[in-house]
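Beneath this line is the structure, given in structure tokens, with notes to follow.
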Amino acid sequence: MKDANSTRMKVEAGLQRRRRKERVFQLIGLLATAVGIVFLGVFFFSLIKQGASAFEQTHVRLDVEMSSEALAPDGELDLIYADFDGVIRSALRNLFPDVTGRGDRRELNQLVSIAAGYQVRDMLVEDPDLLGGKATIWVPTSANVDMLVKGKIDPGIDEAMRPVSNQQIRWVDQLETEGRIETRFNTALFTNGDSREPELAGIKGALMGSVYMLLVTVALAFPIGVAAAIYLEEFAPKNRWADLIEVNINNLAAVPSIVFGLLGLAVFINWMGLPRSAPLVGGLVLSLLTLPVIIIASRAAIQAVPPSIRQAAFGLGASRMQVVFHHIMPLALPGMLTGTIIGMSRALGESAPLLMIGMVAFIVDVPGGFTDPATALPVQVFLWADSPERAFAERTSAAIIVLLGFLLLMNLTAVIIRKRMERKW
Amino acid sequence: MTTRFKARLMLAILLLPGFMASNAIAQSARDYIYIVGSSTVYPFATVVAERFGRGTEFKTPKVESTGSGGGLKLFCDGIGVDFPDIANSSRAIKQSEIDACATNGISDVIEVKIGYDGIVIASANSSADMSFSRRDLFMALAKQVPGGQEGQLVDNPNRTWADVNPDLPAIRIEVLGPPPTSGTRDAFVELAMEGGCKTVPWIKALKDSDSDRFKSVCHTIREDGVFVEAGENDNLIVQKLEANPSAFGIFGFSFLDQNAEKVKGAAIDGVVPTFETIADGDYPVARPLYFYAKKAHVGVIPGLREYLREFTSERAWGEEGYLSDRGLIPMPDDERRQIAKDVRELNALSAASH
């Protein structure tokens, strides 16, 4: 009895200390999680606070006269050389008839984006009967007016220090009281390619570039990666060479991505003569980058298939080929797909290797194929972040939000695929 | 998930490469202009490219920002649709580059000077107005400065601006600037540092006797944490200056122009950087910007002649042109007229003139 008691007392003496240790450890874990969440929260908050306003663009209502004399002096509308900007300028002049000096007129014209003239042109292309008539249209304001209306330029500071002058602020106030100013959803952000005018700049070009690149990447990296994984797991003899290959694949997964860019430049562009700045080459480079990730994930998925399945199939007389393709592959596919999508998300976020193959470039036209010059979403973020115009700051954040949305969608797909196809044993 | 779905998925994955191969047939002749080069000229070239693309029937040129040296190397690699038509540069082409071009069959290169860019040393608006001489900048930022006696160099001991020049305030020297790969850094070193360096008589004498040593003395920036390499992103430098009023940043005038409510430029040799002082040539740290075009590509690449015309038109590079709105400092009227004429006539650089 006495012995049993003393053992219990020993245990009880230590118990408190052990429980306290556990509580402390739990607390540290909780703190670590909380710090992580706080950082993430700060990141998202600042991003959304910066970028939310970029999804809106200030517009101004103008009554334009598409007079035949101004637009088609020779009787015929020349879509390239007609003075569409002149139509916008005279509409502004009609609003402020007392602005006369040349410098003042120039300041007045700066209120409206250069996109306004193109808008008039597009209207006339769509409906040539408008020529000679009148129309009331909403056109985007210049980026500086946009910043002013959104409160990102402080009208209180000294005139010399801000990009809009006192009289421009007065004009904008007048337009606002007349109800001619409105902020609307910024469709240009999603329908245009890059531009040096912030109010015209959009991410469609970069988005399409990323899509084309990922198509190339998935089409190459998935079949090659899965085939390599199946061969290495199921068919390759287990010897020194197999070990060497395994070590190399694991190392390759950790190689800095810029190295793949250099490789791409040397092999695909200089040696094979593929075009620079093309999503085809970008996709090739990114598939090299994601291959190790896919191989590793696919091998892990194959290893996770219980040996009993394999043994049962062999026991029933299936050939090795039949075992692999009828039994192992279907069960390992969810894991392989998850690995592929995670690899793709990594590829989507890469910009360093694209630098080497000429995809960090100013490209206005939205790419229409695999060999058209293109950029990618992270590259667009990089280029906008480096632009001197103020309005690009909020657009940079907006582009990051779209990029994150894309990543979230891809990772969500990975989760859904796993949940729906996964088998529990 | 049904097996039928899986089968379709596999089929789709197998078919994709075939579909793509049919799409990726070798590219035909290029129908857009391909421009590479300096990141300083990039903001101007892209504006011209965009206006050109929107205003004409031609496609918008592709502009790659590779740095001046990298751009000229790509440019000189050869003639044909695979090689750039135009290289932007924040310095004049070197003889070695002209030679490299010539060996690759590019004999006629059209040089176009487009205007000036000032390099400013700026600080937050909340800080006091400063005025430096180029000698102050050299003494503050060089790795080694002249010691007590002639011919002697010591590691830069200066910690505060007052150490450099008793007239300056006793605040710690802290300068954010571009990395060595940048053309802005090259120009700053050449124009500001070397300018200050030459005020020391015995170093100035070195230029003729030992030009390598002269270069290493005048062009080497200190690496003890006083000068911080802030990367190529000038927006980042502006943000850091706002947060730290005692720090200074080095960048191009166009950034100062766009961020005038946040930062201001310090006077150098008594001249404050403004549009006018740089255009007049009073501000000492300013450099010309260029681009180079291949004469052999004119008439082959659609729109190249028109692009040259657009860039050298008054509405682009004139006193009130759209490039001056972006911070490019125009050349005097006569010079613009002469260069525009040369470009229209496609007058190429003569190999001997450089």
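Proteins come first, then strands; the chains are lettered A, B, ... in the order of their sequence lines, and each starts at number 1. Bear in mind the structure is a predicted one, so any value in this text is a computation, not a measurement.
- Atoms CZ and OG, from B/Phe75 and B/Ser89 in turn, are 10.5 Å apart once rounded to the nearest 0.5 Å.
- Relative to the six-membered ring of B/Tyr322, B/Arg326 misses at least one condition, a distance below 6.0 Å or an angle of at most 45° to the axis.
- No other option in A/Pro163, A/Gly193, A/Pro373, A/Pro334 has as many heavy-atom pairs under 4.5 Å with chain B as A/Pro373.
- With respect to the salt-bridge test (charged N to carboxylate O, under 4.0 angstrom), the residues B/Arg51 and B/Glu310 do not qualify.
- Of the atoms belonging to B/Asn125, it is side-chain heavy atoms, and not backbone ones, that fall under 4.5 Å from chain A.
- Atom-to-atom distance recorded for B/Phe253:CZ and B/Ile329:CD1 is 5.0 Å, nearest 0.5 angstrom.
- Heavy-atom distances place the side chain of B/Tyr34, and not its backbone, under 4.5 Å from chain A.
- Contact tally against chain B (heavy-atom pairs below 4.5 Å) for A/Val360, A/Asp194, A/Ile363, A/Asp365: the top residue is A/Asp365.
- Of the atoms belonging to B/Lys262, it is side-chain heavy atoms, and not backbone ones, that fall under 4.5 Å from chain A.
- The aromatic rings of A/Trp384 and A/Phe392 sit tilted, their planes meeting at an angle between 30° and 60°.
- For A/Leu383, the part sitting under 4.5 Å from any heavy atom of chain B is the side chain, from C-beta outward, and nothing else.
- With a threshold of 4.5 angstrom between heavy atoms, B/Leu74 approaches chain A through side-chain atoms but not through N, CA, C or O.
- Between B/Arg54 and A/Glu197, none of the side-chain N atoms (NZ, or NE/NH1/NH2) sits under 4.0 Å from a carboxylate O, so this pair counts as no salt bridge.
- Using a 4.5 Å cut-off between heavy atoms, A/Ile114 contacts chain B through its side chain alone, with no backbone atom that close.
- In this structure, a donor-acceptor pair under 3.5 Å is absent between the side chains of A/Ser142 and A/Gln110.
- Neither the backbone nor the side chain of A/Thr375 comes within contact range of chain B; no heavy atom of the residue lies under 4.5 Å from a heavy atom of that chain.
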